[in-house]
**Student:** 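Below are the structure tokens for one structure; questions will follow.
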There are 2 protein chains.
Amino acid sequence: MRKSALPSLSVRIDLDPEGRIGPGKIRLLEAIASCGSISAAGRAMNMSYKRAWDLVDEINHICNRPAVERQTGGKNGGGAMLTPFGQSLVARYRKIERSAENAARKELQALRADIGVRTKG
Amino acid sequence: MRKSALPSLSVRIDLDPEGRIGPGKIRLLEAIASCGSISAAGRAMNMSYKRAWDLVDEINHICNRPAVERQTGGKNGGGAMLTPFGQSLVARYRKIERSAENAARKELQALRADIGVRTKG
DNA sequence: GATCGTTATATGTATATAAACATAACGTAA
DNA sequence: TTACGTTATGTTTATATACATATAACGATC
């Protein structure tokens with residue numbers, strides 16, 4: 001498998017001075033979407049349930065609307081899924097990320113040439 | 001009118017898994033370039049000299065070559081300036097940042113529209 | 001040699017962040 | 001009712017980060 005070459009970009013969206021959404025929260029949202037629960041997503045990311053829950057809570061508060069809808073109790077104990085807004089948030093982030101990396105590719109290559117390629121391994 | 005309304009982008013360059021360069025370090029480099037010393041740059045950014053020095057040291061180590069050249073002692077007690085590499089690093093970062101914001105503008109506006117309008121339900 | 005403001009370094013103290021652990025509430029199904 | 005796995009919410013501990021303070025070395029200038 002091919003790891004992303006360094007240097008690479010990471011993009012954050014500053015929704016307000018105290019609230020940003022970056023690659024970590026987006027990966028968590030994606031994991032929730034594919035796992036069906038916060039706790040399973042946390043396990044998949046090697047993250048404690050509490051941390052995952054706190055991040056979800058933070059995301060929902062940063063945006064003015066819930067990105068994750070949660071059900072407590074019920075079949076299988078409950079679960080969580082992305083709201084339509086949450087889905088579009090992830091999609092938008094990924095699109096922005098792709099656009100940014102595309103736009104920056106030349107400069108990053110030049111930077112890599114300056115610094116020297118480090119092939120770890 | 002102020003330049004960037006929220007949400008806005010912030011871009012980091014991951015030079016290696018443990019070393020990133022983002023808007024803070026770039027602003028520090030720019031302050032050093034315009035102030036002529038680490039300590040003056042720190043004062044200008046309301047940052048302790050130690051913190052500024054540590055950041056410069058980190059930058060110089062993250063990259064494989066110095067971005068800041070320092071002179072201890074001498075006229076005015078010494079000073080610091082950007083190396084040619086440091087100058088190009090700043091220029092490249094700012095160019096990447098502009099490209100990224102340009103590429104993401106539409107999506108950010110859509111996101112702003114989503115978040116700005118609070119729809120309960 | 002004394003002065004000056006800088007670089008360079010060390011140490012201790014707050015503060016913020018993350019991890020670890022514990023426990024209750026929930027709602028479906030057996 | 002009981003069991004189950006989840007959401008929800010604490011409390012405590014540990015770690016990392018930032019801050020404050022102190023001090024020495026440096027080298028041109030006076």
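Numbers restart at 1 for each chain; the letters A, B, ... are given by sequence-line order, proteins then strands.
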**Student:** Decide if atom CD of B:Gln87 counts as having more than 12 heavy atoms of other residues, nucleotides or ligands within a radius under 6.0 Å.
**Tutor:**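 Atom CD in B:Gln87 is packed in, count exceeds 12.
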**Student:** In whole angstrom, give the distance that lies between atom CZ of B:Arg20 and atom P of D:dT17.
**Tutor:**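 Going from B:Arg20 (CZ) to D:dT17 (P), I get 11 Å.
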**Student:** With no hydrogens and no angle check, is any side-chain donor or acceptor of B:Arg65 less than 3.5 Å from a backbone partner on A:Asp114?
**Tutor:**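 Between the backbone of A:Asp114 and the side chain of B:Arg65 there is a qualifying donor-acceptor contact (under 3.5 Å).
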**Student:** Considering just the side-chain nitrogens and oxygens of A:Trp53, establish if one lies under 4.0 Å of OP1 or OP2 belonging to D:dT7.
**Tutor:**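 No, no such contact exists.
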**Student:** Should the pair B:Glu30-B:Arg27 be classified as a salt bridge under the 4.0 Å nitrogen-to-oxygen rule?
**Tutor:**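 Not counted as a salt bridge, because no side-chain N and carboxylate O are separated by less than 4.0 Å.
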**Student:** Find the distance between CD (A:Glu107) and CZ (A:Arg105) and round it off to the nearest 0.5 Å.
**Tutor:**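 Separation between the atoms: 13.0 Å.
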**Student:** List the steps, then state whether side chain to side chain contact (heavy atoms under 4.5 Å, CB included) holds for A:Leu89 with A:Lys25.
**Tutor:** CA-CA 11 Å; A:Leu89 176 64; A:Lys25 293 201 184 85; over 6 Å; no
**Student:** Tell me the interatomic distance from B:Asp54, atom CG, to C:dA10, atom P, rounded to whole angstroms.
**Tutor:**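 To the nearest whole Å, that distance equals 11 Å.
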**Student:** Output the residues of residues 68-80 of chain B in contact with DNA chain D, where contact means a heavy atom of the residue under 4.0 Å from an atom of the strand; sort by number or write none.
**Tutor:**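 Here the set is B:Thr72, B:Gly73, B:Gly74, B:Lys75.
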**Student:** Under 4.0 Å, heavy atoms only, any strand: does B:Ser37 hit a base, just the sugar-phosphate, or nothing?
**Tutor:**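 Counting heavy atoms under 4.0 Å across all strands, the contact made by B:Ser37 is with sugar-phosphate only.
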**Student:** In whole Å, what is the span from the CZ atom of A:Arg51 to the C1' atom of D:dT12?
**Tutor:**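 Atom-to-atom, A:Arg51 to D:dT12, this comes out as 18 Å.
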**Student:** What distance do B:Leu29 atom CG and B:Leu82 atom CG have between them, rounded to the nearest 0.5 Å?
**Tutor:**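 Here the rounded value is 5.5 Å.
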**Student:** Rounded to the nearest Å, what distance is computed from the NZ atom of residue A:Lys50 to the P atom of nucleotide D:dT7?
**Tutor:**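 Rounded to the whole Å, the gap is 14 Å.
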**Student:** Do A:Ile59 and A:Met81 belong together in a cluster built from hydrophobic side chains that touch within less than 4.5 Å?
**Tutor:**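 Each belongs to a different hydrophobic cluster.
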**Student:** Pull out every residue in residues 38-47 of chain A that has a heavy atom closer than 4.0 Å to any atom of DNA chain D, ordered by number, or say none.
**Tutor:**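 Heavy-atom cutoff 4.0 Å gives A:Ile38, A:Ser39, A:Arg43.
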**Student:** Indicate, yes or no, whether a donor-acceptor pair under 3.5 Å links the base of D:dA20 to the side chain of B:Tyr49.
**Tutor:**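 Such a pair does not exist between side chain and base.
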**Student:** If we only count heavy atoms from C-beta on, is the A:Gln109 to A:Arg112 side-chain gap below 4.5 Å?
**Tutor:**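 With C-beta onward as the side chain, the pair touches.
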**Student:** Tell me which residues in residues 22-29 of chain A lie within less than 4.0 Å of DNA chain D, going by non-hydrogen atoms.
**Tutor:**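 Those residues whose heavy atoms fall under 4.0 Å from DNA chain D, taken from residues 22-29 of chain A, amount to none.
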**Student:** Has B:Met45 got more than 12 heavy atoms of other residues, nucleotides or ligands less than 6.0 Å from its CE?
**Tutor:**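 Yes, enclosed.
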**Student:** Find out whether A:Ile21 and A:Cys63 are in side-chain contact, i.e. whether some heavy atom of one side chain is under 4.5 Å from a heavy atom of the other.
**Tutor:**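 Result yes, sub-4.5 Å side-chain heavy-atom pair found.
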**Student:** Measure the spacing between OG of B:Ser8 and CZ of A:Arg12 and express it to the nearest 0.5 Å.
**Tutor:**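 Between B:Ser8 OG and A:Arg12 CZ, I get 13.0 Å after rounding to 0.5 Å.
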